[in-house]
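Take a look at the structure below.
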Amino acid sequence: TVFKDGAWPVSDGIVGVVRMEVGGIRLFRTDGTPEGTTVLAFASSVEANRIEVLGAHAGNVFFNRVGGDETFGLWETDGTLEGTRHRWGDQDTPIVTALEFLPSGSLYFGSQTNGTLYYWPAGAAAPIHLEGDSSTDLFIGELIGVGDLLVAEANKGSGRELCIASPDPGSLNVLRDLMPGDEDGLSGAQFAPFRDGVVFAGRTPESWFTDGTDAGTRMVCDINPGPMGSNPYRFTESGDLLFFSALTQQYGQELWVSDGTEAGTRRLTDVNPGVASTDPYAFCAFKGGLLFTAHDAIRGEELWFSDGTREGTRLLYECM
């Protein structure tokens, strides 16, 4: 078996997905005991059938299920068999690729199969079709909410770019064409909340910020000038700071921090002096700073903490 998609909390337990060598894919709930472990849904491993967890809200877990008759589309579970139900979709629109909740309980989601973006108001019986036409090459990728608006990686015919949408039909529009023409400005975008907006990177080789307006969309800092960029990722907000990993020719892959301005963006680690990378990962916001793992040539991979200053970035515990 292979545990995938992480673990999602429900009442008195967690929900997760297991891919089994025999028997296909199972969505299960467990409270840590054999008696409290239950299969909630399954999909045969043949013909690309699958189950993928998309997110959680208000104690419920939402997942996409592709399987036999009447199993397609968006599903919801509270961790019980009785509370596991089909919410939306049919055999023509089975694959929900991204889902984002708003504080109101409303949600946006995209379907890869028909290239459509939907808005589902809290309490409504059915979602609202916002944008999409099977005759175009519209693509809906990553989604993240900014207030009542949605920031999206989407293709409206000029490549995958930074787009914005509201709950109104036809509202999906390009916010910034990061690579004019047909070339993708975003591809496999990384979105993360930061202050009153979103920080992101994709094919753009540096970190950017947007508050959902064109005037408020800007590069945070050009860390590694030139076409290669610093390829930032693992954006994590903690306190008033943004922590992330970035690559430079001088220092390798290291931990960086930013207050959202170019002047306030700085490198925190160089545990392995020179181009040898620290390779920070497993980021976790903690007490206004960051817990993470890092590697050096002497101790190997260990647990570290940073308060956002170089002096306060230190080895926390040496396991071996």
Side-chain angles (χ1 to χ4, degrees), residues 5-6 8 53-57 62 97-103 107-110 140-154 160-165 175-176 178 184-213 216-224 229-247 253-262 264-269 279-294 304-308 313:
D5 294 335
W8 303 80
V53 176
L54 301 168
H57 180 75
F62 291 76
T97 53
L99 180 146
E100 174 69 6
F101 288 98
L102 303 183
L107 63 92
Y108 290 94
F109 66 92
I140 305 296
E142 294 298 312
L143 309 175
I144 188 170
V146 180
D148 289 330
L149 299 177
L150 181 78
V151 174
E153 173 196 348
R160 301 183 191 182
E161 297 294 348
L162 184 70
C163 294
I164 192 80
L175 177 60
R176 179 66 63 87
L178 297 165
D184 294 336
L186 292 177
S187 182
Q190 303 169 57
F191 288 145
F194 181 58
R195 297 188 178 180
D196 57 350
V198 173
V199 66
F200 65 95
R203 290 199 63 197
T204 55
E206 298 292 353
S207 55
W208 285 66
F209 174 85
T210 184
D211 61 4
T213 68
T217 301
R218 56 179 173 79
M219 183 183 292
V220 175
C221 183
D222 193 358
I223 291 175
N224 202 28
S230 64
N231 298 313
Y233 65 115
R234 296 194 178 103
F235 297 118
T236 303
E237 182 180 25
S238 185
D240 291 330
L241 297 174
L242 178 73
F243 294 86
F244 60 98
S245 175
L247 176 67
Q253 195 81 41
E254 300 292 345
L255 180 67
W256 288 68
V257 71
S258 179
D259 63 3
T261 68
E262 182 172 6
T265 301
R266 58 194 181 276
R267 176 180 51 81
L268 292 177
T269 60
D279 288 327
Y281 70 105
F283 288 9
C284 178
F286 181 68
K287 293 187 176 181
L290 186 77
L291 286 173
F292 64 101
T293 60
W304 289 67
F305 173 80
S306 177
D307 64 0
T313 300

If you apply the rule side chain to side chain contact (heavy atoms under 4.5 Å, CB included), what do you find for E100 with L150, and how did you get there?
CA-CA 8 Å; E100 174 69 6; L150 181 78; 4.1 Å; yes
Result for side chain to side chain contact (heavy atoms under 4.5 Å, CB included) between L268 and one of D307, T313, L290 points to T313
Interatomic spacing from [atom1] in [X] to [atom2] in [Y] - rounded to 0.5 Å:
X: L241; Y: F194; atom1: CG; atom2: CZ; answer: 7.0 Å
X: R266; Y: D259; atom1: CZ; atom2: CG; answer: 7.0 Å
X: F283; Y: W304; atom1: CZ; atom2: CH2; answer: 13.0 Å
X: D211; Y: R218; atom1: CG; atom2: CZ; answer: 8.5 Å
X: F109; Y: I140; atom1: CZ; atom2: CD1; answer: 11.0 Å
X: T217; Y: L175; atom1: OG1; atom2: CG; answer: 4.0 Å

Testing the basics here: between [X] and [Y], what is the closest heavy-atom pair and its distance to 0.1 Å?
X: S258; Y: F244; value: CB-CE2, 4.1 Å
X: G147; Y: L102; value: O-CD2, 3.6 Å
X: P232; Y: P205; value: CD-O, 3.5 Å
X: N224; Y: S230; value: CB-N, 3.8 Å
X: A282; Y: T293; value: CB-OG1, 3.9 Å
X: Q253; Y: Y233; value: NE2-CE2, 3.3 Å

Donor-acceptor contact present, side-chain [X] to main-chain [Y], <3.5 Å:
X: R234; Y: P280; result: yes
X: T269; Y: L255; result: yes
X: Q190; Y: A201; result: no
X: E153; Y: G188; result: yes

Validation row: [X], [Y] side chains within 4.5 angstrom (heavy atoms):
X: T265; Y: V257; answer: no
X: L186; Y: F191; answer: yes
X: R267; Y: W256; answer: yes
X: D196; Y: F209; answer: yes

Please evaluate residues F292 and S306 with respect to the criterion side chain to side chain contact (heavy atoms under 4.5 Å, CB included), reporting the C-alpha separation (whole Å), side-chain torsions for both, the decisive distance (0.1 Å), and the verdict.
CA-CA 8 Å; F292 64 101; S306 177; 4.1 Å; yes
Under the criterion side chain to side chain contact (heavy atoms under 4.5 Å, CB included), I'd like the reasoning laid out for V198 against F235: C-alpha separation, chi angles, the key distance, then a yes or no.
CA-CA 10 Å; V198 173; F235 297 118; over 6 Å; no
Can you list the steps and then say if V220 with E206 is a side chain to side chain contact (heavy atoms under 4.5 Å, CB included)?
CA-CA 8 Å; V220 175; E206 298 292 353; over 6 Å; no
Within the supplied structure, the quantity of interest is the number of heavy atoms (other residues, nucleotides, ligands) at a distance under 6.0 Å from D222 CG; does it exceed 12?
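Atom CG in D222 is crowded, with more than 12 foreign heavy atoms closer than 6.0 Å.
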Please lay out, stage by stage, how F62 and F101 fare under the test ring pair (Phe, Tyr, Trp, His ring centres under 6.0 Å).
CA-CA 11 Å; F62 291 76; F101 288 98; 5.0 Å; yes
